[in-house]
Amino acid sequence: MEKLQSLRGMVDLLPAHTSLWQRVEATARDHFRRAGVQEIRTPLLEVTELFARGIGEATDVVGKEMYTFVDRGDRSCTLRPEGTASVVRAVIQHGLLSQGSQRLWYGGPMFRYERPQAGRQRQFHQIGLEFLGFADARSDVEAISIAWDLLADLGVQGLALELNTLGSTDDRARYREQLVAYLQRHKDQLDPDSQDRLERNPLRILDSKNPDTQALLADAPTLAEALAPESRDRFEQVKAGLTALDIPFTLNPRLVRGLDYYSHTAFEITSTQLGAQATVCGGGRYDGLVEQLGGASTPAIGWALGMERLVLLLEQVAGEAAVGPAPDVYLVNRGEAAEPAALTLARNLRRAGLSVELDSSGAAFGKQFKRADRSGAAWAAVLGDGEVEQGVVRLKPLRGNGEEQELPLADVDAQKACLVAIAF
RNA sequence: GCGGGCGUCGCCACGUGGUUAAGGCAGCGGCUUGUGGCGCCGCCAUUCGGGGGUUCGAGUCCCCUCGCUCGCCCCA
């Protein structure tokens, strides 16, 4: 029989790794809370048109990476490839902006039909932040600083913040014409990918890794030169703001980003330890998106952080151990009277706040102690028919030295005091 | 979508055409049916991702396929 297994690019998160994920999630929640950012949850499935219009028809994400299908009602549906479009849709749909600007975060799985690779899966997880209704350069700085501080707090080492500006929509359109005009004259020197993009998405050519193309670009008009004075000014404010917060950055004029909706500030936080997929967090300003999706013209900025990539870094850089937590107490029990009594004792200790692993095998004491030892518990609580008859439970320390204690079975407070005293 | 590498037990891993598929870890049982960690003994792949082919004979060679992996592309 064929072995059943997960779909390509869809990975299980096993118990040995979930605690690290929980730590990341808890830390992120805490940072958002302190920054006055509220959570929003949107469906994983949306009408295809949302992404086609929001992200851009010409992008790779929309063009060839979406999980799209027709449902039973003949609607074209798509598993979300990113979070921003859905958040913006929800904000418009529920009129949240009429209540004022929105500071939102989200988290969860995203889906992109790509060839799996280090740091790249078909179902992957992002945590993202969206500020809607904020135009000032300070909001760019604040958004970036939240990401930066979160990563720092988690203990990720060796990150670099790369920064660029794409200018206003007008700047971009103007520059696009200049760039296309220049590249048309040298079209034969472009690599095939870039030739293809010349029509569809010319700005992305800037990001090409092809050395010949890069050589050609050295003499091309630059985006920086095409910026209107106000755009240039705005970028200076962002840079000054980051500098004032001691957040180091490097300027990367080739940083274009793939999604159509970005304008002005674009940034990525990268690591050299991730192989080809170096971006841990990416984002930027998207002043035109809300309007493009049918809302009132609203300035906005946001970012998304790749959970798998972040966890990869935490596991290798910080040497995070991938082990499950040991219980405080392993409850060894055997006997007709002891077994039901053990169930009660386990519940009482758990109610008192301790973590208890209850052995329900009915195996010999020796076997149970062996398992108790391997569980990593600091204590074994021992309950046999003899103990039950005397109304006591024995507490035996499994780590370090210490005497076995005998305490009244009914006195959970005394048990807890004893357990907490030595081992914690 | 395009290249390269790989695919032997839950994990790690010998094996390079002859056959009884090493070993280690983990797991299970026993020595020890009321006390673990050490030790000793035993069990744990009719099978080498799947299918086809070459051969007297294939885990070992060839083809196809699936998967993993690294890179291109793309992006978180």
Side-chain angles (χ1 to χ4, degrees), chain A residues 1-3 5-11 14 16 55 59-66 80-84 107-129 147 151 191-194 196-197 201 204 207-210 255-259 262 266-271 274-284 302-313 330 332-335 338 359 361-387 394-400 404:
Chain A
M1 186 163 56
E2 189 103 6
K3 280 182 221 159
Q5 57 179 346
S6 61
L7 250 15
R8 174 157 221 208
M10 310 273 173
V11 311
L14 270 11
I55 301 172
T59 61
D60 281 25
V61 169
V62 172
K64 51 189 192 194
E65 295 174 3
M66 295 203 301
R80 64 182 188 191
E82 57 103 47
T84 302
M110 307 293 165
F111 303 84
R112 257 120 97 159
Y113 195 92
E114 297 181 272
R115 190 81 173 264
Q117 193 180 320
R120 190 170 82 185
Q121 300 165 188
R122 289 182 172 181
Q123 176 177 336
F124 61 103
H125 300 261
Q126 291 186 333
I127 289 179
L129 170 121
L151 291 166
D191 60 276
D193 275 340
S194 294
D196 199 42
R197 281 192 220 127
N201 207 346
R204 288 220 47 81
D207 208 19
S208 171
K209 283 177 191 161
N210 184 291
L255 175 59
V256 176
R257 306 204 41 82
L259 280 30
Y262 288 112
F267 72 94
E268 286 184 4
I269 298 175
T270 60
S271 165
L274 281 173
Q277 310 301 320
T279 305
V280 184
C281 178
W303 49 254
L305 184 155
M307 279 291 283
E308 282 81 1
R309 292 181 189 177
L310 174 54
V311 167
L312 230 44
L313 288 175
Y330 190 98
V332 170
N333 65 101
R334 179 163 153 95
D359 193 309
S361 67
F365 280 91
K367 280 276 165 274
Q368 294 197 41
F369 272 99
K370 195 166 276 196
R371 281 195 279 265
D373 185 57
R374 273 193 293 244
S375 77
W379 291 86
V382 190
L383 206 57
D385 286 347
E387 283 79 10
R394 292 175 191 282
L395 298 175
K396 172 176 177 157
L398 295 173
R399 323 271 131 194
E404 186 168 311

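Not measured: the values here are computed from a predicted model. Each chain gets a letter, A, B and so on, in the order its sequence line appears, and its residues count up from 1.
- For the pair A/Arg399 CZ and B/G37 P, the computed distance is 12 Å after rounding to whole Å.
- Nucleic acid contact class of A/Gly9 (heavy atoms, under 4.0 Å, all strands): sugar-phosphate only.
- Computed from coordinates, the A/Arg374 CZ to B/C28 P distance equals 5 Å when rounded to whole Å.
- A/Gln117 places its CD atom 15 Å from the P atom of B/G3, with the value rounded to the nearest Å.
- The CZ atom of A/Arg115 sits 13 Å away from the P atom of B/C72 (whole-angstrom rounding).
- Within 4.0 Å (heavy atoms only), A/Ala372 reaches no atom of the nucleic acid at all.
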Do A/Met110 and A/Gln123 pass the side chain to side chain contact (heavy atoms under 4.5 Å, CB included) test, and can you show the C-alpha distance, the side-chain angles, and the key distance before you say yes or no?
CA-CA 6 Å; A/Met110 307 293 165; A/Gln123 176 177 336; over 6 Å; no
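- Here the rule is side-chain contact (heavy atoms from CB on, under 4.5 Å) with A/Phe124, and of A/Gln126, A/Arg122, A/Arg120 only A/Gln126 fits it.
- The gap from the P atom of B/C2 to that of B/G10 amounts to 32 Å, rounded to the nearest Å.
- Expressed to the nearest 0.5 Å, how far OG of A/Ser271 lies from CD of A/Gln277 amounts to 12.5 Å.
- In this structure, A/Asn333 reaches neither bases nor backbone, as no heavy-atom distance under 4.0 Å exists between it and the strands shown.
- Comparing B/A76, B/G71, B/C75 against the side chain of A/Gln277 picks out B/C75 as the nearest.
- Put simply, CG on A/Leu255 and OH on A/Tyr262 are 10.0 Å apart, with the number rounded to the nearest 0.5 Å.
- Nucleic acid contact for A/Arg334: sugar-phosphate only, since backbone atoms but no base atoms lie under 4.0 Å from a heavy atom of the residue.
- Counting only heavy atoms from C-beta on, A/Val382 has its side chain closest to B/G34 among B/G34, B/C72, B/G36.
- Considering only the side chain of A/Lys396, B/U35 comes nearest among B/U35, B/U69, B/C75.
- Atom CG in A/Leu7 sits about 15 Å away from atom C1' in B/C68, given to the nearest Å.
- A/Gly335 comes within 4.0 angstrom of no nucleic acid atom, judged by non-hydrogen atoms across all strands.
- Using a cutoff of 4.0 Å between basic side-chain nitrogens and carboxylate oxygens, A/Lys370 and A/Asp359 are not scored as salt-bridged.
- Rounded to whole Å, the P atom of B/A45 lies 25 Å from the corresponding atom of B/C61.
- A/Arg120 places its CZ atom 8 Å from the C1' atom of B/C75, with the value rounded to the nearest Å.
- Using atom P as the reference point in both B/G30 and B/C66, the two lie 47 Å apart (nearest Å).
- B/G59 and B/C48 are spaced 5 Å apart, taking the C1' atom of each and rounding to whole Å.
- Taking the ring axis of A/Phe369 as reference, the NZ or CZ atom of A/Lys396 stays within 45° of it and closer than 6.0 Å to the ring centre.
- Each of A/Ala363 and A/Asp373 lies near RNA chain B, and the nucleotide nearest A/Ala363 is the one positioned closer to the 5' end.
- Counting atom types as modelled, A/Arg204 pairs no side-chain N or O with a base atom of B/C75 as donor and acceptor under 3.5 Å.
- Between B/G37, B/G67, B/A76, one nucleotide has an atom nearer to the side chain of A/Arg309 than all others, and that is B/A76.
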Quick one: do A/Arg204 and A/Thr59 satisfy side-chain hydrogen bond (donor to acceptor under 3.5 Å, both in side chains)? Show the steps, please.
CA-CA 10 Å; A/Arg204 288 220 47 81; A/Thr59 61; over 6 Å; no
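- Each of B/G34, B/C73, B/G71 was ranked by its minimum atom distance to the side chain of A/Phe365; first place goes to B/G34.
- Dashed line: the shortest gap from a side-chain N or O of A/Arg371 to OP1 or OP2 of B/G27 is not under 4.0 Å.
- The side chain of A/Lys64 has B/C73 as its nearest neighbour among B/C70, B/C68, B/C73.
- Residue A/Ala364 places its side chain closer to B/U33 than to any other of B/C75, B/C68, B/U33.
- Of all nucleotides listed (B/G67, B/A76, B/U69), B/A76 comes nearest to the side chain of A/Ala304.
- With the nearest nucleotide of RNA chain B identified for both A/Glu404 and A/Ser6, A/Glu404 has the one nearer the 5' end.
- The P atoms of B/C44 and B/A22 are separated by 11 Å, rounded to the nearest whole Å.
- Residue A/Leu255 contributes atom CG, which lies 12 Å from atom C1' of B/C75 at whole-angstrom precision.
- The interatomic distance linking A/Glu308 (CD) with B/U69 (P) rounds to 12 Å, in whole Å.
- With both ends at atom P, the span from B/U16 to B/U60 equals 12 Å, rounded to whole Å.
- Within 4.0 Å of A/Gly386, counting heavy atoms only, lies at least one base atom of the nucleic acid.
- B/G57 and B/U19 are spaced 9 Å apart, taking the C1' atom of each and rounding to whole Å.
- Taking side-chain N and O atoms only, A/Lys367 has a distance below 4.0 Å to OP1 or OP2 of B/G30.
- Looking at A/Arg80, its side chain does come within 3.5 Å of a backbone N or O of A/Pro109 through a donor-acceptor pair.
- For the C1' atoms, the distance from B/A58 to B/C63 is 15 Å, rounded to whole Å.
- Phosphate contact (OP1/OP2 of B/G36, side-chain N/O of A/Arg394, threshold under 4.0 Å): absent.
- For B/G67, the paired base is B/C6 (Watson-Crick or G-U wobble, both distances below 3.5 Å).
- Here the side chain of A/Gln126 is nearest to one of B/C75, B/G71, B/A76, namely B/A76.
- Checking B/C68, B/G1, B/U33 against every side-chain atom of A/Tyr113, the shortest atom distance belongs to B/G1.
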